[in-house]
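Data block below; observations after.
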Amino acid sequence: MAKISARNARLLLSGRDFSGHTNNITLDLTVDTPEVTTFADNTVQNLHGGVKANELTSDGFFSTGASQVDAELYDMVAQPVLTGFYPYLYSASQTGYEFTGVLNKYNMKFGVNDAAGMSLTVSGGSTAGVLRGQVLAGTTVSAVGTSNLGSVDFGGYGAVTYGILHVISLTGTTPKLSASIQHSNDDSSFTTIYTAGSIIPAHLSTLISACMTSALSASRYRRVAVELEGTSPCATFVITSAS
């Protein structure tokens, strides 16, 4: 039986990694229940699944300053947020959960003799759904040039519903990142199905949901090819996909 240590969990909000400030994450998937019968009713009502909803709550530690929790969450309140929850993020083939919701609660908690804390709630709403996918690649690349990362076996030929690139950081002098998703049915001959090019630091706004989203064609194996340009560039990114 597989076991997952919560110590490795990750939380991404609009591509920003909040894991270093977070110590509690809860993802609730709920369905409204229709009216049910009582013991006195003569007829039985059949229950069917109602409206689905999802909500992610998180607790952690408050911090201020540039690129810190307060500055970024403050700007995200009431905004659409691409939310990613991963039991383990920076490793291929790991399962993740993603949805686009609204950050409708940001709570700052202060107490004497306590570490300042914060909590947040992202609600997906009645029409949103949670996508359960796999990490295609999660890594840091610091070498100029092109490289193919290891493939992930999806175990079938089901249609792919999405591919998302989360660029967490991109540093250096005039750095530029390009990434392609490739697919194959034999894990040998790969074809490019989507490319996100010319990603630069100016694109890494906290309000950008994703640098790459796409409906991909059916395939069993998928991998990522990345190209890094610039002087002393360094990119940390995660690409997820689902079928």
Side-chain angles (χ1 to χ4, degrees), residues 1-12 15-17 19-20 82-99 130-172 175-200 203-204 209-230 232-243:
M1 178 178 178
K3 293 181 174 60
I4 297 175
S5 172
R7 183 174 299 175
N8 293 321
R10 294 290 186 269
L11 175 64
L12 298 186
R16 168 78 157 89
D17 190 350
S19 309
L82 177 64
T83 304
F85 165 44
Y86 313 87
Y88 190 82
L89 180 60
Y90 300 108
S91 179
S93 300
Q94 297 297 319
T95 298
Y97 305 86
E98 297 175 330
F99 68 94
V130 173
L131 296 173
R132 184 178 185 273
Q134 293 187 62
V135 176
L136 280 179
T139 189
T140 296
V141 177
S142 57
V144 174
T146 302
S147 58
N148 296 321
L149 305 181
S151 64
V152 174
D153 185 356
F154 278 72
Y157 299 87
V160 178
T161 57
Y162 77 103
I164 297 176
L165 169 62
H166 309 265
V167 182
I168 297 172
S169 68
L170 183 58
T171 61
K176 184 167 65 174
L177 172 69
S178 300
S180 300
I181 293 182
Q182 302 175 342
H183 74 155
S184 170
N185 286 327
D186 59 9
D187 202 22
S188 176
S189 177
F190 283 85
T191 302
T192 297
I193 38 183
Y194 191 84
T195 298
S198 301
I199 299 170
I200 59 176
H203 293 169
L204 306 185
S209 295
C211 296
M212 174 173 63
T213 60
S214 174
L216 310 179
S217 59
S219 59
R220 175 172 178 176
Y221 300 95
R222 268 156 264 161
R223 75 178 185 186
V224 175
V226 297
E227 181 179 0
L228 197 57
E229 304 176 48
S232 301
C234 183
T236 299
F237 62 91
V238 177
I239 295 181
T240 56
S241 185
S243 58

Quick one: list whatever passes side-chain contact (heavy atoms from CB on, under 4.5 Å) with [X], sequence neighbours left out.
X	answer
S188	D186
T171	C234
T95	Y97, R132

message = side chain to side chain contact (heavy atoms under 4.5 Å, CB included), that's the test. Do Y221 and N185 meet it? Break it down for me.
response = CA-CA 6 Å; Y221 300 95; N185 286 327; 5.7 Å; no
key: Sequence-distant partners of E229, salt bridge (Lys or Arg N to Asp or Glu O under 4.0 Å), two or more places apart   =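 If we apply the salt bridge (Lys or Arg N to Asp or Glu O under 4.0 Å) test to E229, skipping adjacent residues, the hits are K176.
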On a heavy-atom basis, which atom in [X] and which in [Y] lie closest, and how many Å separate them?
X	Y	answer
V152	V135	CG2-O, 3.7 Å
S189	S184	O-OG, 3.0 Å
R10	S19	CD-OG, 3.0 Å
P175	G172	CD-O, 3.5 Å

key: Partners meeting side-chain hydrogen bond (donor to acceptor under 3.5 Å, both in side chains) with N148 (sequence neighbours left out)   =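 Once residues adjacent in sequence are excluded, N148 has no partner under the side-chain hydrogen bond (donor to acceptor under 3.5 Å, both in side chains) criterion.
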key: Partners passing side-chain hydrogen bond (donor to acceptor under 3.5 Å, both in side chains) against S147 (at least two apart in sequence or in another chain)   =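 S147 satisfies side-chain hydrogen bond (donor to acceptor under 3.5 Å, both in side chains) with no other residue.
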key: Derivation and outcome, side chain to side chain contact (heavy atoms under 4.5 Å, CB included), residues L170 and L228   = CA-CA 10 Å; L170 183 58; L228 197 57; 4.1 Å; yes
task = Kindly indicate whether the side chain of D153, heavy atoms from C-beta on, has any atom under 4.5 Å from the side chain of D187.
result =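 The answer is no, as the side chains (C-beta and beyond) never meet within the 4.5 Å cut-off.
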ask   = So, do L12 and Y86 sit near enough that their side-chain heavy atoms are less than 4.5 Å apart?
value =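 Yes - at least one pair of side-chain heavy atoms lies under 4.5 Å apart.
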task = Evaluate side chain to side chain contact (heavy atoms under 4.5 Å, CB included) for F85 paired with V130, printing each intermediate quantity in order.
result = CA-CA 10 Å; F85 165 44; V130 173; over 6 Å; no
inquiry  = Within this structure, what is the OG-NE2 distance for the pair S151 and H183, rounded to the nearest 0.5 Å?
reply    =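 Result: 13.0 Å between the selected atoms.
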key: Side-chain donor/acceptor of T83 to backbone N/O of E98, under 3.5 Å   =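 No.
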